[in-house]
2 protein chains.
Amino acid sequence: MASIKDVAAEAGVSVATVSRVLNDHPSVSEDARTRVLAAVEALGYRPNAVARSLRTDQTRTLGLVISDVLNPYFTELARSVEEEARALGYSVIIGNADERPDLQDHHVRTLLDRRIDGLLVSPTDGGSPLIVDAARAGTPMVFVDRWIPGVDVPVVRSDGRAAVRDLVAHLHGLGHRRLAIIAGPAATTTGSERVEAFRAAMAEYGLPLPDAYIGQGDFQAESGRRVTEGFLDLAEPPEVVFAADNLMALGALDAVRARGLRVPQDIALAAFDDIRWFVHTDPPITAIAQPTGELGRAAVRALVDRIEGRPPQSVTLPARLVVRRSCGEPAHREPPAPEEFPASVEPSPAMNRSQT
Amino acid sequence: MASIKDVAAEAGVSVATVSRVLNDHPSVSEDARTRVLAAVEALGYRPNAVARSLRTDQTRTLGLVISDVLNPYFTELARSVEEEARALGYSVIIGNADERPDLQDHHVRTLLDRRIDGLLVSPTDGGSPLIVDAARAGTPMVFVDRWIPGVDVPVVRSDGRAAVRDLVAHLHGLGHRRLAIIAGPAATTTGSERVEAFRAAMAEYGLPLPDAYIGQGDFQAESGRRVTEGFLDLAEPPEVVFAADNLMALGALDAVRARGLRVPQDIALAAFDDIRWFVHTDPPITAIAQPTGELGRAAVRALVDRIEGRPPQSVTLPARLVVRRSCGEPAHREPPAPEEFPASVEPSPAMNRSQT
DNA sequence: CACGTCGATGTAATCGATTCCACGACCTCG
DNA sequence: CGAGGTCGTGGAATCGATTACATCGACGTG
């Protein structure tokens, strides 16, 4: 593959001049410029990004470590991250942790070795020393969706508290009293936070939340299935199951179906994270939607601010409840899907913060 | 960040010795080795992959350019690719083309500039000169799922011909005669191939396939919706709509639902590519499943063979029909989901190649 | 005892870019 | 007319690794 030397020889100038043309430095004669450009064209020359990075000590690359690529929420996040990064002149390398701390660390290490300019992380566990050290050592970093408490790193996330309260209000209004939750790992912020929000909302409505109604999942479908089976085996099974992510909701649906039960007649179902397919499941699933695209874009902007020396900002955006039929309410006619939120029904006006 | 020089100084040896220890070269004294290792530990040294790549002319990185990350099929493919690559000691950088040739070329160019060791591509269009040139120039390359005809590059894909025939047999058996297809872009091999397979199967059953029943989609949900609306507007709408990928099936479902029609009573639906959610849609969707994981792994193996000087092999694996209720047959009880194929029903034995 | 061999180590070239510094040509202004 | 400036250019150092080659001491052997 042709190098800058070849181009210089072909154009009859020095490598310095070639480099100047390529980085359009002002003081290059028109004559030299055209000769260099012609040589570049003739040789099909492309600058070696590896060499350039070594010299300039920047890769114009962002690392993104997410918990699970197979989760549509993260897929969408990854897409918006890449889009915004590209707009700002950066590439993105994605590392998929599959909810495994060891894999997460593997990817973080690889990315650090590659000297990425900055790191976007949605931590799988509460305290990877590797990540904490990297942050302290000055690696530009931003947490997205999940974060590690006690580390001085900006966090871009969405706050589901209000939406969870809306959900409980909705369920309460439909007459449900025994509500259960399939929680995510307590080691993740989203895992514990969603349970807390749920517990708080339940308390507001004077509803009990016995331990038996808090199932421990791991954000994967299989755990949703297992926990739901446990719920169904109880002497007094819950009337509603709220899954803390969309994959566990899928597992819950598997479990309910395996028993030959119907949603919502026999048991109601709701999920955190909205996905397009929820509109077409049997029945359509009530869910809490995050502004995923905006989250990804904000995270990239924060990280790039940090990298380029501007003060980065933490961002918290609200999630919102999208009511469908899986908890018992009659269906609304759905309007065409708007951009940011996948095809969905607006919560009925009466329900937004209608209570306390 | 500490460099190899710092380690050498700390350990009181030359950089050459440090390098030898790190790449465990045989002739290093036990004494030197321990001192170097101690220094590495003390400084928290990590080798700079950029510098190493520049010198060795290899990055131990594979590029993967896929057509659409938001498509679960490609997400799963990407995951299995990364997994296998990791097992073989390579990293993967994913480029998402969003079905746009310009974006595809952008990613290919970026990856080439980074001097990745090899490229896995699922081309968005039939003939990106950039890709063709790179292949001719000797860049190790393997096509996955889709390919560009006339280029001497191994192809790893699945053959859906038999499964499509099974599908048509199934539909014919259920009494359907007016079958329509939402095709993918003719510029993609999978786009045209699936239509051809469908056309051939229809011919076998003596069924006509009028042009009005061939809708032109682009593998995105929106096109599925649009095409389906067109079908429903026909004086004689089809009895079955077969979508050439899962996203267009989603769009088709949107369109059918918007008209207040029911699947399969008013119109039947089938899709190419199976995804977990198809089990829980209303109704569960009959689909053709590809062995996605195996495809990804085989592609990586072929590419790494090529990179490391072994002769690479093209691989073709069969897809298979998974019958559910969206075409009218009564449901079976579903067994627990096996590994490779997402939760699914086996086609009834009588249906496999039952005809002609 | 001298010489060849081998193991351990260091010196320096190299990969492909960027960029500081120096230099010559030419211009401008006092 | 000469001092000082600007412009275009090239030479060479540099980034952080790897590795060919040289060196040197110890040791075995004829």
Side-chain angles (χ1 to χ4, degrees), chain A residues 1-40 43-61 89 91 109-117, chain B residues 1-40 43-61 89 91 109-117:
Chain A
M1 181 145 269
S3 84
I4 197 172
K5 272 186 203 157
D6 304 316
V7 177
E10 172 87 10
V13 297
S14 72
V15 293
T17 300
V18 176
S19 177
R20 289 197 189 94
V21 171
L22 264 31
N23 297 289
D24 40 40
H25 186 94
S27 80
V28 177
S29 68
E30 202 45 49
D31 175 54
R33 179 182 312 280
T34 51
R35 291 224 308 286
V36 167
L37 260 20
V40 165
L43 299 173
Y45 169 77
R46 294 246 82 210
N48 183 328
V50 174
R52 187 203 299 258
S53 293
L54 177 60
R55 184 58 236 252
T56 60
D57 200 34
Q58 54 161 319
T59 50
R60 294 207 73 84
T61 301
S91 298
R109 225 184 312 267
T110 310
L111 292 166
L112 255 24
D113 285 355
R114 284 167 180 276
R115 302 298 193 267
I116 43 131
D117 293 342
Chain B
M1 178 144 272
S3 84
I4 196 170
K5 273 188 204 156
D6 304 315
V7 176
E10 173 85 9
V13 297
S14 73
V15 293
T17 301
V18 176
S19 177
R20 288 194 189 97
V21 172
L22 265 31
N23 297 290
D24 41 39
H25 185 94
S27 80
V28 177
S29 69
E30 202 46 49
D31 176 55
R33 181 182 310 280
T34 52
R35 292 224 308 288
V36 167
L37 260 21
V40 165
L43 299 174
Y45 169 76
R46 294 246 84 212
N48 184 328
V50 175
R52 186 201 298 257
S53 292
L54 177 60
R55 183 60 235 254
T56 61
D57 201 34
Q58 53 162 322
T59 50
R60 295 207 69 86
T61 300
S91 298
R109 225 184 313 266
T110 310
L111 291 167
L112 256 24
D113 285 356
R114 283 167 180 276
R115 301 300 193 262
I116 42 132
D117 293 342

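Excluded from the calculations below are hydrogen atoms, water molecules and symmetry mates; all remaining heavy atoms, backbone and side chain alike, are included. All chains are named by letter (A, B, ...) in the order of the sequence lines, taking the proteins before the strands, and each is independently numbered beginning at 1.
We find the CG-CE distance between B:D57 and A:M1 to be 10.5 Å, quoted to the nearest 0.5 Å.
Of the charged side-chain nitrogens involved, none lies within less than 4.0 Å of a carboxylate oxygen, so that B:D113 and B:R109 do not count as a salt-bridged pair.
The separation between B:H25 atom NE2 and C:dG10 atom C1' is 13 Å, rounded to whole Å. Rounded to whole angstrom, the span from the CZ atom of B:R60 across to the P atom of D:dA17 amounts to 18 Å. The distance between atom CG of B:L22 and atom P of D:dA17, rounded to the nearest whole Å, is 9 Å. One interatomic measurement links the two molecules: CG of A:N48 to P of C:dC15, which rounds to 12 Å at whole-angstrom precision. Rounded to whole Å, the distance from CZ on B:R55 to C1' on D:dT18 is 5 Å. Atom pair B:R115:CZ and C:dA17:P shows a separation of 7 Å (rounding to whole Å applied). Following rounding to the nearest Å, B:E30 (CD) and C:dG7 (P) show an atom-to-atom distance of 15 Å. Rounded to whole angstrom, the span from the CZ atom of B:R20 across to the C1' atom of C:dT9 amounts to 6 Å.
Mapping B:V50 and B:T17 onto DNA chain D via the closest heavy atom, the residue that lands nearer the 5' end is B:V50. Toward the 5′ end of DNA chain D lies the nearest nucleotide of A:V28, the other residue of the pair A:V28 and A:V15 mapping further downstream. Ranked by how close their nearest DNA chain C nucleotide is to the 5' end, B:P26 and B:A51 are led by B:P26.
When the local axes at the two ends of the helix from C:dC1-D:dG30 to C:dG30-D:dC1 are compared, using 5 base pairs at each end, they differ in direction by 60° after rounding to 10°.
The side chain of B:S27 lies closest to C:dT9, out of D:dT18, C:dT9, D:dA17. Nearest to the side chain of B:R52, among D:dG16, C:dT9, D:dT18, sits D:dT18. Nearest to the side-chain atoms of B:A16 among the listed nucleotides C:dA17, C:dA8, C:dG10 stands C:dG10.
Across all strands, B:A32 comes closer than 4.0 Å only to sugar-phosphate atoms, never to a base (heavy-atom distances). Residue B:S19 is classed as a base contact, given a heavy-atom separation below 4.0 Å to a base. Among the protein residues, B:N23 comes within range of the sugar-phosphate backbone only, with heavy atoms under 4.0 Å from sugar or phosphate atoms but none that close to a base.
Applying the 4.0 Å criterion to OP1 and OP2 of C:dG7, one finds that B:S29 has every side-chain N and O outside that range. Within the 4.0 Å cut-off from OP1 or OP2 of C:dG10, at least one side-chain nitrogen or oxygen of B:S14 is found.
In this structure, A:V13 and A:V18 approach most closely via the heavy-atom pair CG2-CG2, 3.8 Å.
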